[in-house]
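Keep in mind that the numbers below use all heavy atoms, side chains included, and drop hydrogens, waters and symmetry copies. Just so we're on the same page: letters track the sequence lines, and every chain starts at 1.
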Amino acid sequence: MKLTNFFLPTKKEVPSEAKIVSHRLMLRAGLIRMETSGIYSWLPLGYKVLEKIRHIIEFQHLQKNINQMLMPTIQSSDIWIQSRRYDSYGEEMLRITDRNQKKLLYGPTNEEMITVLGKDYIQSYKELPLYLYHIQNKFRDEIRPRFGVMRAREFLMKDAYSFDIDKKSAEKTYELFFNLYLNIFNKMGLNIIPVRALSGEIGGDLSHEFHCLCETGESEIVVDTNILEPQKSESFSTFSNYYSSTIEYFEKSGIENSKLKVKKSIELGHIFLFGDKYSSSFDFKINSPSGLIFPYMGSYGIGLSRIPAACIEINHDEKGIIWPQQISPFDLIIINLRVKSELCVNFCNEMYDVCKNQNIDILFDDRDERIGVKFSEADLIGIPFQLLIGKRFEEDSVIELKNRKTGDVLEITEKEFLENYLKKIRQ
RNA sequence: CGGGGAGUAGCGCAGCCUGGUAGCGCAUCUGUUUUGGGAACAGAGGGUCGCAGGUUCAAAUCCUGUCUCCCCGACCA
């Protein structure tokens with residue numbers, strides 16, 4: 001994409017209302033725009049990040065043969081009345097009435113809907129286990145939305161649901177998702193800590209949340225200090241050697257241990273095993289060798305739209321965002337510092353075409369702007385690598401590859417760039 | 001929902017106390033000069049001061065109501 005064609009409304013100043021650094025940078029870099037309290041539009045640059053995250057999640061789910069689908073955001077209240085959550089979910093649920101006075105709601109989650117779906121289609125235990133997921137907007141009418149997309153009312157979530165024949169099988173499924181989640185967050189370049197959690201409104205008896213450590217986070221977790229060392233081979237079994245839980249879980253458990261520390265964090269994922277809570281309330285029974293059984297269910301969520309904010313909170317400096325390569329909106333930005341020079345223009349266009357042909361997601365700053373503006377905005381939007389073409393190229397055919405994170409600038413030739421560096425830039 | 005704050009140009013703000021018909025910075029447009037880290041100069045455009053009502057000769061300013069947004073707290077991915 002050429003920057004002259006790309007909608008990138010950056011700002012030097014930002015409303016004083018935005019308090020935390022990720023919210024400020026997301027507004028300044030033109031990633032998001034508030035429409036009303038807790039409800040945001042994702043502008044092209046922000047949407048690209050969201051799409052990178054989505055692709056990682058979709059790819060990893062596909063590796064485990066988990067079916068992707070799409071359920072509607074609007075649900076009938078009938079199924080929520082049947083699960084007895086229509087009242088208990090309370091004010092957080094956005095209720096809507098259609099022209100026929102039918103009571104609808106904007107779904108905060110989909111356990112009810114997926115249970116009814118399972119009941120309609122699953123005839124035999126031989127079809128189990130069955131895993132389904134979708135990526136869809138949710139609405140929870142938060143008492144106080146804040147921090148931009150970090151605590152929004154409308155948000156994008158990946159939610160998966162599992163059906164198993166019994167508890168033992170469901171626990172294997174739970175472990176599969178647990179490891180899948182570690183893998184997904186790892187692929188996003190995020191250090192994540194799984195913590196034992198209470199299961200809250202969803203219900204059930206086994207639940208973990210996935211947190212990243214962050215001083216400005218709204219959550220608190222209690223962890224064994226050994227867990228803070230980065231783990232080489234992260235898996236369910238590795239983490240089961242250490243204590244980690246949400247502060248709420250810790251307080252209820254009454255454990256005492258001097259090796260435990262309280263840390264601020266951001267919750268990015270939550271998994272639950274809730275058994276037959278919903279299958280029984282919907283009288284969802286299937287035949288099995290041991291007679292009629294209620295399928296054992298679980299659900300597995302990732303707060304997609306919270307991830308860019310969490311990532312920025314952890315990866316930024318005074319100049320702006322520093323995206324991890326894996327979820328950066330672009331792999332590389334080519335910056336033409338000499339727009340008036342035919343030599344530079346032609347060379348930039350040539351590099352732009354080469355990169356496109358090599359499947360590099362590339363942004364080309366071809367604008368007739370002052371170099372200060374170009375440098376500042378490139379630093380602000382945080383693309384990991386900047387290819388600078390200007391004076392040094394005109395004089396000595398040297399192009400400069402700058403690392404956004406370290407600030408290091410490599411002076412290289414076209415040949416070196418194409419042969420040695422292009423593949424490092426591609427994800 | 002309780003407590004606090006704010007709505008004035010696309011964005012950030014001043015003006016309000018003490019009423020006299022709106023200003024600054026950034027951005028935008030035109031021109032000239034500049035050009036390796038958010039340029040300089042000259043000129044220009046852009047506002048029913050959140051909305052409604054009231055007081056007054058006169059309201060951004062005072063009064064009443066209302067809507068919206070933000071912050072602190074209780075709730076949550």
Side-chain angles (χ1 to χ4, degrees), chain A residues 9-20 23-24 27-28 30 33-39 88-93 107-110 135-159 181 197-202 207-212 217-220 246 248 265-272 299-307 309-310 318-320 335-341 344 365 367-381 386 388-395 398-400 402 407 409 411:
Chain A
T10 58
K11 290 182 188 308
K12 282 200 222 173
E13 291 168 307
V14 99
S16 51
E17 298 159 354
K19 299 293 175 198
I20 64 171
H23 189 194
R24 299 178 65 82
L27 292 170
R28 279 193 59 208
R33 164 188 153 78
M34 187 178 83
E35 299 298 347
T36 187
S37 178
I39 298 181
S88 67
Y89 219 95
E91 294 290 307
E92 229 175 278
M93 189 154 67
T109 178
N110 287 61
I135 293 173
Q136 179 220 39
N137 274 9
K138 299 285 186 286
F139 194 95
R140 295 181 190 173
D141 200 355
E142 292 285 338
I143 292 172
R144 187 150 84 89
R146 66 185 119 172
F147 303 147
V149 294
M150 197 78 93
R151 174 162 308 288
R153 293 194 295 169
E154 187 180 0
F155 59 99
L156 189 60
M157 178 168 154
K158 189 257 10 176
D159 43 324
Y181 272 36
L198 300 169
S199 44
E201 182 58 30
I202 308 261
S207 176
H208 282 83
E209 293 179 5
F210 293 78
H211 286 247
C212 64
E218 289 186 272
S219 306
E220 284 183 325
T246 61
E248 295 85 2
S265 67
I266 301 169
E267 178 187 357
L268 296 176
H270 201 164
I271 62 178
F272 305 88
S299 70
Y300 315 88
I302 294 178
L304 239 90
S305 48
R306 183 179 275 183
I307 292 174
E318 66 288 346
K319 290 175 179 169
I335 306 177
N336 186 356
L337 301 170
R338 286 284 172 98
V339 183
K340 299 277 192 292
S341 154
C344 288
D365 189 351
R367 297 173 304 170
D368 185 7
E369 281 287 351
R370 300 179 59 81
I371 58 140
V373 173
K374 293 189 167 204
F375 282 136
S376 307
E377 292 195 352
D379 289 345
L380 175 63
I381 65 177
Q386 303 172 2
L388 312 178
I389 292 158
K391 188 163 76 183
R392 297 283 286 118
F393 181 74
E394 277 192 308
E395 291 169 358
V398 166
I399 57 179
E400 294 155 283
K402 182 176 162 187
V409 179
E411 303 200 338

Which base sits across from B:U55 as a Watson-Crick or G-U pair, both distances under 3.5 Å? none
Just to be sure I understand the rule, does A:Gly372 reach a base, reach only the sugar-phosphate, or reach nothing, if contact means heavy atoms closer than 4.0 Å? sugar-phosphate
Short side-chain N/O contact from A:Arg370 to OP1 or OP2 of B:U35, under 4.0 Å: no
Across all strands, who's sitting opposite B:C24 as a Watson-Crick or G-U wobble pair, both distances under 3.5 Å? B:G12
Reading RNA chain B from 5' onward, which residue's closest nucleotide shows up sooner: A:Ala152 or A:Thr36? A:Thr36
Mate of B:A74 where both pairing distances stay under 3.5 Å, Watson-Crick or G-U: none
B:A52 to B:C71 separation - P atoms, rounded to the nearest Å: 28 Å
What are the two closest non-hydrogen atoms of A:Cys212 and A:Leu268, and how far apart are they? SG-CD1, 3.9 Å
Does A:Glu377 have any side-chain contact (heavy atoms from CB on, under 4.5 Å) partners at least two apart in sequence or in another chain, and if so, which? A:Thr10, A:Arg367, A:Val373
Listed by chain and number, what are the side-chain contact (heavy atoms from CB on, under 4.5 Å) partners of A:Lys11, not counting sequence neighbours? none
Can you tell me, in whole Å, how much space there is between the C1' of B:C62 and that of B:U18? 11 Å
Which residue lies more 5' along RNA chain B, comparing A:Asp368 with A:Leu380 via nearest heavy atoms: A:Asp368
Pairing check on B:G31: which nucleotide meets the Watson-Crick or G-U wobble criteria with it, both distances under 3.5 Å? B:C41
At under 4.0 Å between heavy atoms, how does the protein contact nucleotides 22-28 of chain B? Give one character per nucleotide, 5' to 3', with B, S or -. ---BSS-
Can you find an N or O donor on one side and an acceptor on the other, under 3.5 Å apart, linking the side chain of A:Lys19 with the base of B:G5? no
For A:Gly301, which contact category applies under a 4.0 Å heavy-atom criterion: base, sugar-phosphate, or nothing? nothing
Integer angstrom distance from the C1' of B:A59 to that of B:C17: 15 Å
C1' spacing across the pair B:G50 / B:A6, given as an integer number of angstrom: 11 Å
Not counting sequence neighbours, which residues clear side-chain hydrogen bond (donor to acceptor under 3.5 Å, both in side chains) with A:Ser37? List them please. none
Contacts of type side-chain hydrogen bond (donor to acceptor under 3.5 Å, both in side chains), residue A:Ser376, not counting sequence neighbours: none
My understanding is that only residues two or more places apart in sequence, or in another chain, count here; which of them pass side-chain contact (heavy atoms from CB on, under 4.5 Å) with A:Leu198? A:Glu248, A:Tyr249, A:Lys252
Send over the distance from A:Met150 CE to B:C71 P, rounded to a whole Å. 13 Å
Under 3.5 Å, which N/O atoms of the protein pair with N/O atoms of nucleotides 49-51 of chain B?
none

Closest to the A:Ser37 side chain: B:C69, B:G37, B:C1? B:C69
Under 3.5 Å, is there any donor-acceptor pair linking the side chain of A:Arg144 to the base of B:G3? no
Give the minimum heavy-atom separation between A:His270 and A:His208, together with the two atoms involved. CD2-O, 3.1 Å
In whole angstroms, how far is the C1' atom of B:G36 from the CG atom of A:Asp379? 13 Å
Take atom P in B:A22 and the same atom in B:A9, then report the distance between them in whole Å. 14 Å
Quote, to the nearest angstrom, the C1' distance that separates B:G15 from B:U61. 9 Å
B:U18 pairs with which nucleotide, Watson-Crick or G-U wobble, both distances below 3.5 Å? none
Under 4.0 angstrom, heavy atoms only, what part of the nucleic acid is A:Glu394 near: base, sugar-phosphate, or nothing? nothing
Just the rounded figure in Å: distance from C1' of B:A74 to CD of A:Glu218. 13 Å
Check side-chain hydrogen bond (donor to acceptor under 3.5 Å, both in side chains) between A:Gln136 and all other residues, then give those that pass, not counting sequence neighbours. A:His134, A:Lys138
Using a heavy-atom cut-off of under 4.0 Å over every strand shown, decide if A:Glu92 touches base, sugar-phosphate, or nothing. sugar-phosphate
Among the nucleotides B:G38, B:G36, B:C75, whichever has the atom closest to the side chain of A:Arg392 is B:G36
Grab the CZ-P distance between A:Phe147 and B:C70 for me, whole Å please. 12 Å
Distance, C1' atom - from B:C49 to B:C13, rounded to whole angstrom: 14 Å
From B:C70, B:G36, B:G37, pick the nucleotide closest to the side chain of A:Met34? B:C70
Measure the distance from CG on A:Leu27 to C1' on B:G12 and round it to the nearest whole Å. 13 Å
If we ignore hydrogens and angles and just use 3.5 Å, is the side chain of A:Arg306 paired with the main-chain N or O of A:Met150 as donor and acceptor? yes
For the P atoms, the ones on B:G36 and on B:A40, what distance do you get once it is rounded to whole angstrom? 15 Å
Using a 4.0 Å heavy-atom cut-off across all strands, classify A:Lys402 as base, sugar-phosphate, or nothing. base
Can you measure A:Arg153 atom CZ to B:C76 atom C1' for me and round it to whole angstrom units? 14 Å
Please evaluate the base of B:C76 for a donor-acceptor partner in the side chain of A:Arg151 within a cut-off of under 3.5 Å? yes
A:Lys19 to A:Arg24 - nearest heavy-atom pair and separation: O-CD, 4.1 Å
Without decimals, in angstroms, what is the distance between A:Arg28 CZ and B:G12 P? 13 Å
Spacing between A:Phe375 atom CZ and B:G37 atom P, to the nearest angstrom: 7 Å
Test side chain to side chain contact (heavy atoms under 4.5 Å, CB included) on A:Asp159 and A:Ser299; report intermediate values, then the result. CA-CA 7 Å; A:Asp159 43 324; A:Ser299 70; over 6 Å; no
When every non-hydrogen atom of A:Ile271 is compared with those of A:Ser207, the smallest separation belongs to O-OG, 3.0 Å
Provide the Watson-Crick or G-U wobble partner of B:G36, both distances under 3.5 Å; none if there is no partner. none
Under a 3.5 Å cut-off for both contacts, is B:U66 paired Watson-Crick or G-U wobble with anything, and if yes, with which nucleotide? B:G50
Side-chain contact check for A:Val373: nearest option of B:G36, B:G38, B:C71 is B:G38
side-chain contact (heavy atoms from CB on, under 4.5 Å) partners for A:Arg338, two or more places apart: A:Asn336, A:Ser341, A:Cys344, A:Lys391, A:Glu394
